[in-house]
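Note that the structure is a prediction, hence the values are computed from the model and not measured.
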Amino acid sequence: AFSAFHSGDWFIPKSKLFLTTLAVVGLSVIGMAWANYVNLSITRTKRRFKEIATRRVSGAKVIDMTIQFMVEAAMVNMMAITLALTLIQVIRTPLSTLFGIHVASLSSLSATSAIMLISIAIVGILATGIYPALISFGINPQGLFKKNSGSGGSRILPNILTTGQFIAAITFILLSS
């Protein structure tokens, strides 16, 4: 696909560097979106501290709360993946017709690509399900009931994710100029 040296080949060669660059940019944007989702999930959990405290006082165990967060994360991630795959299939024909960009159908995905998609979904579900459960169980129920209970505490992961997003954005701006 990257050379035109074959006899009878009518294919217009593509730049391997350009396609690799687009792949890296695409994966980076997906990573930044995922990091943003994790940050939003953490913030949403902090707003739900009173609900969590009420459940804990009522007898909910760590595993109960973890399962709740995991199911919520699974639902959000599965809806996002379903919407993304649907949008890809909807814009496939216009991309091909208007811009000459071929987008493979879902049935033509290799086993490796399918496994990678499933692995990314599982990691996303685990990260957005387990981390909020862990931070909500790091505070006792009385502390969760207090008005400003979400303002303190360790923010290591959110800081790392935000810093990573900032670095990626600055890098893209510098590379585009």
- [ ] Could you state whether V62 and M65 fall into the same hydrophobic cluster, counting links through intermediate Ile, Leu, Val, Met, Phe, Trp or Tyr residues with side-chain heavy atoms under 4.5 angstrom apart?
- [x] yes
- [ ] Rounded to the nearest 0.5 Å, what's the gap from CE on M75 to CG on N77? Could you check?
- [x] 11.0 Å
Open item on the list: For the CD1 atom of I122 and the CG atom of L117, what is their distance to the nearest 0.5 Å?
Closed with: 10.0 Å
Return a table of donor-acceptor pairs under 3.5 angstrom between the side chains of residues 83-90 and protein atoms on other chains or two or more places apart.
unit_1, atom_1, unit_2, atom_2, d
T86, OG1, T82, O, 2.8
Q89, OE1, R92, NH1, 3.0

Open item on the list: Quick check: closest heavy atoms across M70 and L126, and the distance to 0.1 Å?
Closed with: CE-CD2, 3.2 Å
- [ ] Kindly work out whether a path of hydrophobic side-chain contacts (I/L/V/M/F/W/Y, heavy atoms less than 4.5 Å apart) joins I81 to I118.
- [x] yes
Task: Any donor-acceptor N or O pair under 3.5 Å, side chains S96, T93 - done: no
TODO: Would you kindly confirm whether V123 and L40 end up in one hydrophobic cluster when ILVMFWY residues are joined by side chain heavy atoms under 4.5 Å apart?
DONE: no
Open item on the list: I'd like to know if I91 and V103 are part of one continuous hydrophobic network [Ile/Leu/Val/Met/Phe/Trp/Tyr, side-chain heavy atoms within less than 4.5 Å].
Closed with: yes
Open item on the list: Please determine whether side-chain contact (heavy atoms from CB on, under 4.5 Å) holds for the pair I125 and F69, giving the CA-CA distance in whole Å, both sets of side-chain angles, and the decisive distance to 0.1 Å.
Closed with: CA-CA 9 Å; I125 290 167; F69 285 118; over 6 Å; no
Task: salt bridge (charged side-chain N to carboxylate O under 4.0 Å, His left out) against R56, all qualifying residues, sequence neighbours excluded - done: none
- [ ] Kindly say whether L109 contributes a backbone atom to a donor-acceptor pair with the side chain of S113 at under 3.5 angstrom?
- [x] no
- [ ] Inspect the surroundings of CE in M116 and state if more than 12 heavy atoms from other residues, nucleotides or ligands are less than 6.0 Å away.
- [x] no
Task: Joint cluster assignment, I167 & V24, ILVMFWY side-chain distance < 4.5 Å - done: no
